[in-house]
S.K.: 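I'd like to ask some things about the structure below.
Sequential numbering from 1 along the given sequence is applied to the chain's residues. Worth saying up front: this structure is predicted, and the values here are computed from it rather than measured.
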Amino acid sequence: MEALQKISEARNKKINKIEEIKNLKSPLEAFEKLQTYAKNGYDSIPDEDKKYFLKCFGIYDRPATPERFMIKLRIPGGHLNAEQARAIGECARDYGQDYIDLTTRAQCELRYLRIEDMPTLLKRLSSVGIDAFQTGVDNFRNILNDPLDALAFDNVLPSQPLLLKLQKMFLYSPEWISALPRKFNTAITGSLSNRCNIYGHDCSFVLAQKEGVYGYNMYLGGKVGTIAKSADIFLKNEDEVLKAFSSIADIFKRFGFRDNRNKNRLYFLIEAVGMSEISSAIRENAGVDFRTAGETMTKIDFYDPDQGKVQLRDGSFAVHVVIPSGVFTGSAMIEAANLSESYGNKEIRFDMEQSLYLLGVKDVETLLKESFFERYKSVNTPYFNHLIACAGTAHCPFGVIENKNDAIVMSTYLSEKVALKSGRVRMYWSACVKGCGIHGLGDVGFEGCKAKVATETEDGVHISLGGKLISEGADGYTVVKSAPLRYAKYYVETLMLEYKKHKGISESFEQFHDRVLAQYTSANIGFIMQLGAYLREKNIDIEFGFQADTKTGKNEEFEVFELGRKLYAKLTKKEAYSAYDRFTNVLKNEKLENVRDLIPHADGNLAQMCEKILDTKEESRAVVFSELIPFISL
């Protein structure tokens, strides 16, 4: 591990401000003073406790809600029972304005909490086995698992008992509280379907097979914007998983970077020395020569939310409940607990898309008649079934846009304007570049930003496409940068109209993307999205979109010319030139006729755009779509 030692020494000569704060005292000192803080009030809490130490126990001071705290609860694997769900709901109702956020780590957050109520709240939760230890800052965060672990037909290796053993290695241990250079996200799945974003974590144990033996392949280095990569390690049993996890945890603790907070996740350590070095270090540190990776088996997407239910091995059903943007209430959580007891097996599961399942339901039809499902659908529209939105400006100091309601507004608009009888669209929203809404993995991703409209700055989003959860995952790519939020829904409307027009039977948006949109450059896709919005705004009856058999070969210059040629023909009912070759006109002495001379009432912007693309002088022609955006701005 010499390479790790050298790079660690080089990077840790100077530590960041958070590391300096950590040196002030033990986090447990702050936690042990909660009773005192509750008695003496908010102003009695030292700044370092509000800014850091209390976060080690999931207690976050939130400037957006002055003198009120958020608490992030640990829900291992998203698994909880009705008694626990009821206690959470009651605490939210009694202490937190009846508000709950469900998160992408299959846990929940209570907000608007007074420090005076914190000890009582924690005691009530502790009585049912729920707490918030080590759910924030530089700790091992809530470990994810398949919410249908041990129950679904596609679950091969039940993994929740192993998850709890992994958790036991660090939870409540003073040597691990706030001991890491940065947060550390972990997940495990023994299922064929990816219900827990398995490739999006610092450390993942993924169902695999090697020479007829089922176990787990180890993946490392996932974070926002980066998919975890194979460590080329196969773990054949629980003992090997525990040793491998202990080894990488120790390596990160000892050698991880503590200089730059923006570049000290496990990913950056791997980047510095290479995955092969990390894999060798894991083997050496564990004292086990782990076998090389087997065949990864978790390659299937999950479709339970689109059906509203999924049959379990015992013949009962897991009934899915869509919670738009994860915005829930304590009262609704209590209702869910009651329904779980009345209709199910008293078990509830949170999932990574901010929704939940009621397990063990036998009479689904009667359950769905309950008033609860008038507010929270088992099957919503395709724009809501897989919707994710992290906390925005209302609750998060990093948020650039409001986000949660923005996501709901867009999904509502699309549900009305582009109704789909069937389909699957994963729209993931993040309020800022930190990406807590995992926008990069969405079919359509939204990252909050600021945008210019005329001379004014307002809320906007970067729009991306192409994120994947299946196979070994993939991050999306940007198609529209800094789209004003007020217009973004119109741009996405163009995409959904094209999806609706072209989609095959049971074809998801992801499949449509791979079959059709993947043939185009990102610039072309973004431009068509905006052009469609412009045409609808101006009531111009021209059908313009994507084709499944484009011949432009993802060459932007060719795409620009072909778009201009087609648009000219649609406007004037004639070709711009008599013959073409390689996406230009053959006869160089031909002159382009002005669109407005042929069609006096044609839209002026479109006419000028055609002339800019098809100019008689080739050297004057537009060759990239960014040159054309001003012609179609809303």
Side-chain angles (χ1 to χ4, degrees), residues 11-74 95-96 103 105 107 109-123 125-126 131-142 170-185 249 252-254 256-266 268 391 393 395-399 432 434 436:
R11 283 289 301 270
N12 292 327
K13 290 178 179 178
K14 184 178 181 181
I15 60 174
N16 60 61
K17 292 182 179 180
I18 295 297
E19 291 296 328
E20 292 175 356
I21 290 175
K22 288 183 189 180
N23 290 332
L24 295 177
K25 60 185 175 184
S26 161
L28 285 170
E29 292 179 49
F31 188 72
E32 289 165 357
K33 289 184 178 179
L34 267 183
Q35 288 283 1
T36 302
Y37 298 153
K39 179 181 178 180
N40 297 330
Y42 179 85
D43 291 337
S44 70
I45 308 172
D47 281 347
E48 66 267 21
D49 287 6
K50 286 186 286 192
K51 290 179 179 178
Y52 184 81
F53 290 111
L54 288 179
K55 292 178 182 178
C56 293
F57 309 98
I59 302 169
Y60 283 69
D61 180 32
R62 280 293 177 240
T65 53
E67 298 189 17
R68 294 293 185 270
F69 289 82
M70 177 271 282
I71 189 166
K72 184 182 298 182
L73 303 180
R74 183 178 289 276
Y95 306 113
T103 79
R105 295 208 66 77
Q107 54 195 136
E109 298 172 348
L110 279 56
R111 301 186 182 277
Y112 306 108
L113 305 172
R114 299 164 66 245
I115 194 64
E116 290 83 354
D117 297 321
M118 198 64 70
T120 304
L121 179 150
L122 290 173
K123 185 176 180 180
L125 291 174
S126 179
D131 62 43
F133 256 67
Q134 293 154 275
T135 57
V137 289
D138 301 347
N139 288 287
F140 295 102
R141 303 296 186 89
N142 196 52
F170 61 82
L171 191 60
Y172 311 124
S173 172
E175 70 172 298
W176 284 111
I177 298 173
S178 184
L180 301 175
R182 200 70 164 83
K183 68 179 179 180
F184 195 94
N185 290 334
F252 186 50
K253 179 181 177 181
R254 289 163 57 195
F257 304 145
R258 298 177 186 265
D259 52 353
N260 184 344
R261 291 285 289 181
N262 293 322
K263 293 186 177 181
N264 61 355
R265 291 284 293 274
L266 178 64
F268 296 101
T393 52
H395 297 295
C396 178
F398 301 108
C432 72
K434 287 182 176 293
C436 295

S.K.: Could you walk me through whether I15 and N23 pass the side chain to side chain contact (heavy atoms under 4.5 Å, CB included) test, one step at a time?
M.R.: CA-CA 11 Å; I15 60 174; N23 290 332; 3.8 Å; yes

S.K.: If you take the centroid of each ring, where Trp contributes its six-membered ring, are F257 and F268 closer together than 6.0 Å?
M.R.: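 Not under 6.0 Å, so no.
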
S.K.: Should we count OH of Y42 as having more than 12 external heavy atoms under 6.0 Å?
M.R.: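 Result for OH/Y42: enclosed.
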
S.K.: Can you tell me if N139 uses its side chain to pair, donor with acceptor, with the backbone of S178 under 3.5 Å?
M.R.: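 Pair found, side chain donor or acceptor close to backbone of S178.
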
S.K.: Parallel, tilted or perpendicular for F184 and F252, by the 30°/60° rule?
M.R.: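 It falls in the tilted class, 30° to 60°.
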
S.K.: Taking R141 for the side chain and K183 for the main chain, is one N or O donor matched with an acceptor at less than 3.5 Å?
M.R.: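 Judged by distance alone, no pair lies under 3.5 Å.
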
S.K.: For residues 38-59, pull every pair meeting salt bridge (charged side-chain N to carboxylate O under 4.0 Å, His left out), keeping only residues two or more places apart or in separate chains.
M.R.: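 Every salt bridge (charged side-chain N to carboxylate O under 4.0 Å, His left out) pair that includes a residue of residues 38-59, provided the two are not neighbours, is K25-E48, K25-D49, D47-K50.
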
S.K.: Using the side-chain hydrogen bond (donor to acceptor under 3.5 Å, both in side chains) rule, take T120 and Y95 through it: C-alpha gap first, then chi angles, then the decisive distance, then the call.
M.R.: CA-CA 10 Å; T120 304; Y95 306 113; 5.2 Å; no

S.K.: If only atom types and distance count, is the side chain of E109 paired as donor or acceptor with the main-chain N or O of A391 below 3.5 Å?
M.R.: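 No; judged by distance alone, with no hydrogens or angles, the pair does not exist.
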
S.K.: Between D131 (side chain) and S126 (backbone), is there a donor-acceptor pair under 3.5 Å?
M.R.: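 Looks like no, no N/O pair under 3.5 Å.
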
S.K.: When you measure from the side chain of E67 to the backbone N and O of R114, does any donor-acceptor pair fall under 3.5 Å?
M.R.: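 No.
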
S.K.: Would you confirm whether N16, through its side chain, and R258, through its main-chain N or O, come within 3.5 Å as a donor-acceptor pair?
M.R.: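 Side chain of N16 to backbone of R258, a donor-acceptor pair under 3.5 Å: yes, one is there.
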
S.K.: Check I177 against C56 and note the closest heavy-atom contact, atom names and distance.
M.R.: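 Answer, listing the atom of I177 first, then C56: CG2-CB, 4.2 Å.
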
S.K.: Classify the ring geometry of F31 against F133: parallel below 30°, tilted from 30° to 60°, perpendicular beyond 60°.
M.R.: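 Judged by the thresholds at 30° and 60°, the geometry between F31 and F133 is perpendicular.
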
S.K.: Who pairs with K22 by side-chain hydrogen bond (donor to acceptor under 3.5 Å, both in side chains), at least two apart in sequence or on another chain?
M.R.: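 Once residues adjacent in sequence are excluded, the partners of K22 under the side-chain hydrogen bond (donor to acceptor under 3.5 Å, both in side chains) criterion are E19, D138.
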
S.K.: Please answer whether the main-chain N or O of F140 pairs with a side-chain N or O of Q134 as donor and acceptor at a distance below 3.5 Å.
M.R.: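 No; zero donor-acceptor contacts below 3.5 Å.
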
S.K.: Tell me if a side-chain donor or acceptor on R182 pairs with a main-chain N or O of R261 at a distance below 3.5 Å.
M.R.: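 Side chain of R182 to backbone of R261, a donor-acceptor pair under 3.5 Å: yes, one is there.
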
S.K.: What pairs with E175 under side-chain contact (heavy atoms from CB on, under 4.5 Å), at least two apart in sequence or on another chain?
M.R.: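 Counting only residues at least two positions away or on another chain, E175 forms a side-chain contact (heavy atoms from CB on, under 4.5 Å) with S173, K253.
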
